[in-house]
*Asks:* 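Encoded as structure tokens, here's the structure I'll be asking about.
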Amino acid sequence: MCSAMKTSCRGPFPIPLSSDPYLFDGVALDDRGIPAVLSMGDTVSHDCYHYQCEIPDMPLEAKIPTKACKDVFHAFMTRATELDAETGMPVMRRELAVPNGVIAFSDAMNNANRDFGCYVHFYEHDDHIERFWNSPRRCMARLGKYAGFISPDYSITPDMPKPQRAYNAYRNMLVGAWQQTLGYKAICNVRCSYFDDSMLAGAPKNGLIAIGAVGCIKNRNNRHRFEGGIIRIVDELEPSGLVIVGTDAYGVFEYPKRKGIPLYFYPGRTQKRFEELGYEQ
């Protein structure tokens, strides 16, 4: 090897560290640091180490050792999922079947529950429903006995940076679309309290849209944003109905009522507990 050239021995091939990164002992390198003139099967020798040259036409799955990789981005969910051409957001199909009832994710994961005719919803604190994202296959093995799902509700709030809102919107749509590819019914949840154009990407038109109203309308500022979101959902998605987990309070659903859109209300987790105990809210 050229004594004026320092190279790193880490990785599948030597990485030049000299001021001229495109020459390796007189051999031209491409922009990835791979000797450009090597043919299939040639090796590069350096300090008793031998590096197999990367074959440009080799399929990606052949280059990556599967046992050494963990799919932390849940790419497996996208294999049969349609993506929006403009935004890359997963696209959910419309659902028309109205749930007979709903149950919170945390309650559905409890083996003591036997109300399998319900749809599982995720209108809970993020620290509770993050469990699903961390182990989606394991959770689905326990939740698959339920009648259907409302896609997750990872938080999208005005105080979040825009990339974080977009990421949570992506996760919400991706899980719902993935559940549909598995053959389950999954109603698209749309977080109403804040929108940019990407928040509605992937949401179906002329079908049921689910909305979580729990904890969103008591504060006046939140209420105004929530109402604005409802108006946008009605005008842009033209839903066949709204599946609402929460109560009909403060007149926030007057606009869809005037438009003649059916509203289906279901009690949230706290409200259901009060009803079970016989308390009035």
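Note that this is a predicted model, so its numbers are computed, not measured.
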*Asks:* Should Ser106 and Glu124 be marked as a side chain to side chain contact (heavy atoms under 4.5 Å, CB included) after you check the CA-CA gap, both sets of side-chain angles, and the distance that decides it?
*Replies:* CA-CA 8 Å; Ser106 296; Glu124 301 184 68; 2.7 Å; yes

*Asks:* Between atom CE of Met92 and atom CD of Glu82, what is the distance when rounded to the nearest 0.5 Å?
*Replies:*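 So the gap between those two atoms works out to 12.5 Å.
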
*Asks:* Under 4.0 Å between a side-chain nitrogen and a carboxylate oxygen: does that hold for Arg171 and Glu130?
*Replies:*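 The answer is yes: the pair qualifies as a salt bridge.
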
*Asks:* Report the distance from atom CG of Asp126 to atom CG of Asn168, rounding to the nearest 0.5 Å.
*Replies:* 6.5 Å

*Asks:* Are Leu242 and Ile261 close enough, and set up right, to give a side chain to side chain contact (heavy atoms under 4.5 Å, CB included), and what steps lead you there?
*Replies:* CA-CA 7 Å; Leu242 297 180; Ile261 295 176; 4.3 Å; yes

*Asks:* Counting N and O atoms only, with roles assigned by atom type, does the side chain of Asp84 sit under 3.5 Å from a partner on the main chain of Gly202, one being a donor and the other an acceptor?
*Replies:* no

*Asks:* Cation-pi check for Phe76 against Arg137: NZ or CZ below 6.0 Å from the six-membered ring centre and within 45 degrees of the axis, yes or no?
*Replies:* yes

*Asks:* Are Asp235 and Tyr255 close enough, and set up right, to give a side chain to side chain contact (heavy atoms under 4.5 Å, CB included), and what steps lead you there?
*Replies:* CA-CA 10 Å; Asp235 290 346; Tyr255 186 73; 2.7 Å; yes

*Asks:* Does the side chain of Gln179 pick up a donor-acceptor pair with the side chain of Ser151 at under 3.5 Å?
*Replies:* no

*Asks:* Aromatic ring centroids of Trp178 and His74 under 6.0 Å?
*Replies:* no

*Asks:* Hey, what do you get for CE (Met140) to NZ (Lys145), rounding to the nearest 0.5 Å?
*Replies:* 12.0 Å

*Asks:* In terms of heavy-atom contacts, does NZ of Lys218 have more than 12 from other residues, nucleotides or ligands at under 6.0 Å?
*Replies:*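 Atom NZ in Lys218 is not packed in, count stays at 12 or less.
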
*Asks:* Kindly say whether Thr157 contributes a backbone atom to a donor-acceptor pair with the side chain of Ser155 at under 3.5 angstrom?
*Replies:*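 Absent.
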
*Asks:* Can you find a pair of side-chain heavy atoms, one from Cys188 and one from Ile209, that are under 4.5 Å apart?
*Replies:* yes

*Asks:* Please test Asn206 against Ser240 for side-chain hydrogen bond (donor to acceptor under 3.5 Å, both in side chains), starting from the C-alpha separation and ending with a verdict.
*Replies:* CA-CA 5 Å; Asn206 308 122; Ser240 62; over 6 Å; no

*Asks:* Is any side-chain heavy atom of Val245 closer than 4.5 Å to a side-chain heavy atom of Pro267?
*Replies:* no

*Asks:* For residues Trp133 and Ile129: do they belong to one hydrophobic cluster (side chain heavy atoms under 4.5 Å, members Ile, Leu, Val, Met, Phe, Trp, Tyr)?
*Replies:* yes

*Asks:* Please determine whether the number of non-hydrogen atoms from other residues, nucleotides or ligands lying under 6.0 Å from atom CZ of Arg220 exceeds 12.
*Replies:*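 Atom CZ in Arg220 is not crowded, with 12 or fewer foreign heavy atoms closer than 6.0 Å.
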
*Asks:* Examine distances only and state if a side-chain atom of Arg94 and a backbone atom of Lys205 form a donor-acceptor pair shorter than 3.5 Å.
*Replies:*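 Judged by distance alone, no pair lies under 3.5 Å.
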
*Asks:* Please report the closest heavy-atom contact between Ile150 and His121, naming both atoms and the distance.
*Replies:* CD1-CB, 4.0 Å

*Asks:* I'd like to check Glu95 versus Gln180 (side-chain heavy atoms, cut-off strictly below 4.5 Å). Are they in contact?
*Replies:*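 A side-chain contact exists here, since the closest heavy-atom pair is under 4.5 Å.
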
*Asks:* With no hydrogens and no angle check, do the side chains of Tyr146 and Asn113 hold a donor and an acceptor under 3.5 Å apart?
*Replies:* yes

*Asks:* With the side chain counted from C-beta on, respond yes when Pro204 and Arg93 share a heavy-atom pair under 4.5 Å apart, and no when they do not.
*Replies:*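 No, their side chains stay 4.5 Å or more apart.
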
*Asks:* Membership question, hydrophobic clusters at under 4.5 Å side-chain separation (ILVMFWY): are Val175 and Val91 in the same one?
*Replies:*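 No: no chain of side-chain contacts under 4.5 Å links Val91 to Val175.
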
*Asks:* Once you round to the nearest 0.5 Å, how far does CG of Leu200 lie from CZ of Arg191?
*Replies:* 13.0 Å

*Asks:* Is there side-chain contact between Pro239 and Leu208, with at least one heavy-atom pair below 4.5 Å?
*Replies:*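 Pro239 vs Leu208: side chains apart.
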
*Asks:* Tell me the closest heavy-atom pair linking Gly176 and Ala186, and the distance in Å.
*Replies:*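 Minimum heavy-atom separation between Gly176 and Ala186: O-CB, 3.7 Å.
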
*Asks:* Do Met173 and Met199 have side chains that get closer than 4.5 Å, going by heavy atoms?
*Replies:*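 Sidechains of Met199 and Met173: no contact.
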
*Asks:* Only one of Phe105, Phe122, Tyr184 passes ring-ring contact (aromatic ring centres under 6.0 Å, His included) with Phe149; say which it is.
*Replies:* Tyr184

*Asks:* Examine distances only and state if a side-chain atom of Tyr154 and a backbone atom of Tyr170 form a donor-acceptor pair shorter than 3.5 Å.
*Replies:*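 Not confirmed, Tyr154 side chain does not pair with Tyr170 backbone.
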
*Asks:* For Asn100, look at atom CG and say whether over 12 heavy atoms of other residues, nucleotides or ligands are found less than 6.0 Å away.
*Replies:*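 It does not: Asn100 CG has 12 such atoms or fewer within range.
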
*Asks:* Is a donor on one side and an acceptor on the other found under 3.5 Å between the side chain of Asp153 and the backbone of Tyr123?
*Replies:*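 Side chain of Asp153 to backbone of Tyr123, a donor-acceptor pair under 3.5 Å: no, none is there.
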
*Asks:* Restricting to non-hydrogen atoms, name the atom on Glu227 and the atom on Gly251 that form the minimum distance, rounded to 0.1 Å.
*Replies:* OE2-O, 3.9 Å

*Asks:* Which pair of heavy atoms, one from Pro256 and one from Val234, lies closest together, and at what distance?
*Replies:* CB-CG2, 3.9 Å

*Asks:* For residues Leu96 and Gly207, report the shortest heavy-atom separation together with the two atoms involved.
*Replies:*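 Shortest heavy-atom contact: CD2-CA, 4.0 Å.
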
*Asks:* Check whether any side-chain N or O of Thr78 sits under 3.5 Å from a backbone N or O of Ala75 as a donor-acceptor pair, and report yes or no.
*Replies:*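 It does hold such a pair.
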
*Asks:* For Asp248 and Lys257: C-alpha separation, side-chain torsions, deciding distance, then whether side chain to side chain contact (heavy atoms under 4.5 Å, CB included) applies.
*Replies:* CA-CA 11 Å; Asp248 184 9; Lys257 288 179 181 178; 2.6 Å; yes

*Asks:* Is there a path of hydrophobic side-chain contacts, each under 4.5 Å between heavy atoms, that joins Phe116 and Leu182?
*Replies:*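 Result: yes, single cluster for both.
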
*Asks:* Please report the closest heavy-atom contact between Ile187 and Ala97, naming both atoms and the distance.
*Replies:* CD1-O, 4.1 Å

*Asks:* Out of curiosity, Met77 CE to Thr81 OG1, how far, rounded to the nearest 0.5 Å?
*Replies:*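 Met77 atom CE to Thr81 atom OG1 measures 9.0 Å (nearest 0.5 Å).
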
*Asks:* Taking the side chain as every heavy atom from C-beta outward, state whether Phe226 and Ile211 have any atom pair closer than 4.5 Å.
*Replies:*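 Yes, at least one pair of side-chain atoms sits under 4.5 Å.
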
*Asks:* Would you kindly say whether Asn172 and Tyr167 are connected by a side-chain donor-acceptor distance under 3.5 Å?
*Replies:* no

*Asks:* Taking the side chain as C-beta and beyond, is there a heavy-atom pair between Ile244 and Leu263 under 4.5 Å?
*Replies:* yes

*Asks:* Is it true that the side chains of Asn222 and Arg225 contain a donor and an acceptor less than 3.5 Å apart?
*Replies:*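 Per modelled atom types, Asn222 and Arg225 side chains form a pair under 3.5 Å.
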
*Asks:* Output yes when a side-chain donor or acceptor of Arg142 lies under 3.5 Å from a complementary backbone atom of Met109, and no otherwise.
*Replies:* yes

*Asks:* Ignoring hydrogens and angles, tell me if any N or O in the side chain of Arg165 forms a donor-acceptor pair with the backbone of Met160 under 3.5 Å.
*Replies:*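 Yes; judged by distance alone, with no hydrogens or angles, the pair exists.
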
